[in-house]
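Lettering of chains follows the sequences in order, A, B, ..., and the numbering in each one begins at 1. Computed from a prediction, not measured in an experiment: that's the story for all the values here. All heavy atoms count here, side chains included; hydrogens, waters and symmetry mates do not.
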Amino acid sequence: MAKPTIPQGTRDFGPEVVRKRTYILNTIRSVFELYGFQPLETPAMENLDTLMGKYGEEGDKLIFKILNNGLDNPEKEKQVREEFEKVLQGKNTKGITERALKYDLTIPFARYVAMNHPQLVFPFKRYQVQPVWRADRPQKGRYREFYQCDADVVGSHSLFNEVELAAIYHEVFTRLGLTGYELRINSRKVLAALAESCGGADNMTDITVAIDKLDKIGLEKVKEELVSRGLSNDQVSIIEKYLNISGTNEEILSSLTALIGYSADGEKGISELSYLSSQLATHNSQLKLDPALARGLNYYTGIIFEAKAPAGVKMGSIGGGGRYDDLTGLFGVPGIPGVGISFGVDRIYDVLEELQLFPADVQVGTRVLFFNLGEAESQKSFELLQQLRQRGIRGELYHENAKFDRQFKYAEKKNIPFVVILGEKELAAQTCNIKELATGQQQSVSFTDLIRHNF
RNA sequence: GUGGUUGUAGCUCAGCUGGUUAGAGCAUCAGAUUGUGGUUCUGAGGGUCGCCGGUUCGAACCCGGUCAGCCACCCCA
């Protein structure tokens, strides 16, 4: 038997890791609930049709497809061979694969809203925490199976939703102790206005893809890329002017107005950014306007968000989101706008680990271990333990009579703060010893005091 | 999908230009220690050197392939 392995880019999560992940997820969930969001879950797999064409050309390639069952049926052999020919030509066909693992939570959510909109109360605010899958090659901070953690509001145009979502980012990161995070915002309308002034909306994708890399590759490389994507020197110099905009949020807004304020899109986008930054100025000092923020996903149409890890941690985005005007339109139900955000749980985990921000008590499961020192002794211990458990105190009885050494080491390894020692002498005296491992302090108490003791 | 790099005990890693029986630390188990852990000491177990093939008298070491991890690109969380 060869050693067992797990698929590339997937991970097992041991007890300590699950505890830490749960801490993050519970923090996020409780903030979502605090803002009136409701939970939703959708299947691990969707019909391939639902997903294809929603994430761009690259995205389609990264969708994990599921092979149909029954392809080995001899009666269908000829048909299956024909269908497979299409696959070899890079086409998808229902004859071979009609289902796929979900790629993100937003598209399945849009599908859900399109299917259920008559029953939903609008604006519909949902959060969703589930794994998604991508057939990407794994590397640092990137996996083939990972959790996404989304909150979206659909059925409302109000910019107040953006304000609330930004406030959620602030609340979550503050609760997690990530005080140095930065929330960057921009508007796709501003980017659209920039594209317009550079020769038309056709350039929008090329421009956004290129300028999104500014942080990573620098201005010169971005200019090179723009040229290679077919933009003229005049157009590139407008973009350069745009990218050189900096300063306080107010300064950025006035520079943007000077550059693209004349266009309808530009003016609208700038006024939205201005509204957001003024609304949040008092609540959320980390909000930073960033004209270079573009985000790859093309369905965004308004405000876009990106949360960055505190400076000094080598980790890019730990969250992102934005407004989309017509996501359900893809599924035949037009006219439902939405705005949403996402938390990158795996990356937040790495950042908290690096900055040592996990609270110590995250790792405490069992509070108290009863030593097993014989038949009669453990009978009594179990009886007392059950009474503590009824009070909600997490406890264990060591599973067999063993040497002290072994039982102590078990308590240490499981990070159990207290042990209860109840042996022959104690049983006779109707007492037991409570020992706190960290300090080594020990006290003798009666059974009635034990079951009232605060562990 | 493209390129680079690594793979030796449960874990972290040594292992010379190819040369007998592949080592260390930590961890595990036993003992010093039959009712008090963390320290210390003694001893023991544990490896088809990722896998398959090739070169060679001889391969952990060289070559090819393959799988997996890591890193970068593309893209993205």
Side-chain angles (χ1 to χ4, degrees), chain A residues 1-11 14 24 55-63 90 102-106 129-150 205 208-210 212-213 215-217 221 225 294-298 305-309 314-322 340-351 369 371-374 377 398 401-428 432-444:
Chain A
M1 185 74 186
K3 280 183 189 170
T5 57
I6 54 174
Q8 185 179 46
T10 64
R11 296 157 295 166
I24 296 172
Y55 308 106
E57 208 174 309
E58 280 300 315
D60 283 355
K61 287 185 197 160
L62 299 180
I63 293 171
K102 66 172 174 257
Y103 180 89
D104 73 352
L105 301 179
T106 307
V129 181
Q130 287 191 276
V132 302
W133 293 268
R134 295 189 187 175
D136 206 353
R137 188 174 284 204
Q139 57 173 282
K140 188 175 178 64
R142 276 170 87 172
Y143 305 96
R144 291 183 142 186
E145 176 184 69
F146 62 97
Y147 273 74
Q148 280 194 337
C149 198
D150 283 19
T205 303
T208 54
V209 168
D212 203 34
K213 297 177 187 167
D215 261 3
K216 232 180 186 175
I217 62 176
K221 294 267 180 190
E225 177 152 350
R295 294 192 65 77
L297 294 172
N298 275 322
F305 299 100
E306 186 155 303
K308 295 246 172 199
K314 275 187 186 158
M315 185 69 71
S317 162
I318 53 174
I341 58 171
S342 181
F343 287 89
V345 180
D346 293 286
R347 290 186 177 180
I348 292 171
Y349 181 100
D350 290 343
V351 172
L369 175 73
F371 274 20
N372 187 327
L373 299 170
E377 293 88 337
Y398 195 77
N401 187 353
K403 300 204 307 187
F404 268 59
D405 182 75
R406 178 166 288 279
Q407 304 199 43
F408 267 119
K409 281 185 172 155
Y410 178 81
E412 267 168 37
K413 280 182 194 156
K414 284 195 74 176
N415 211 8
I416 300 171
F418 296 97
V419 299
V420 169
I421 298 166
L422 197 172
E424 201 180 342
K425 283 182 285 184
E426 288 79 7
L427 190 59
C432 56
N433 293 317
I434 301 172
K435 180 160 184 170
E436 184 177 4
L437 265 66
T439 61
Q441 281 177 353
Q442 185 168 314
Q443 55 173 316
S444 177

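Distances shown here put every side-chain N or O of K409(A) at or beyond 4.0 Å from the OP1 or OP2 atom of rC29(B). Applying the 4.0 Å criterion to OP1 and OP2 of rG69(B), one finds that Q8(A) has a side-chain N or O inside that range. Contact between the side-chain N/O atoms of K413(A) and the OP1/OP2 oxygens of rA27(B) is not found at any separation under 4.0 Å.
The side chain of R134(A) lies closest to rA77(B), out of rG37(B), rC74(B), rA77(B). Of the candidate nucleotides rU36(B), rC75(B), rC70(B), rU36(B) has the atom lying nearest to any side-chain atom of N433(A). Counting only heavy atoms from C-beta on, Q148(A) has its side chain closest to rA77(B) among rC29(B), rG37(B), rA77(B). Considering only side-chain atoms of Q139(A), the nucleotide from rA68(B), rC71(B), rU36(B) that sits closest is rC71(B).
In the interface, the side chain of Q407(A) is not paired with the base of rU36(B) through any donor and acceptor atom under 3.5 Å apart. One cannot find a donor-acceptor pair under 3.5 Å joining the base of rC71(B) and the side-chain atoms of R137(A).
Between the side chains of Y55(A) and D104(A), at least one donor-acceptor pair of N or O atoms lies under 3.5 Å.
Judged by the 6.0 Å and 45° rule, R11(A) forms a cation-pi pair with Y143(A).
With salt bridges taken as basic N to acidic carboxylate O contacts below 4.0 Å, none links E412(A) and K409(A).
Using bins of under 30°, 30° to 60° and over 60° for the plane-to-plane angle, the ring pair F404(A)/F371(A) lands in the perpendicular bin.
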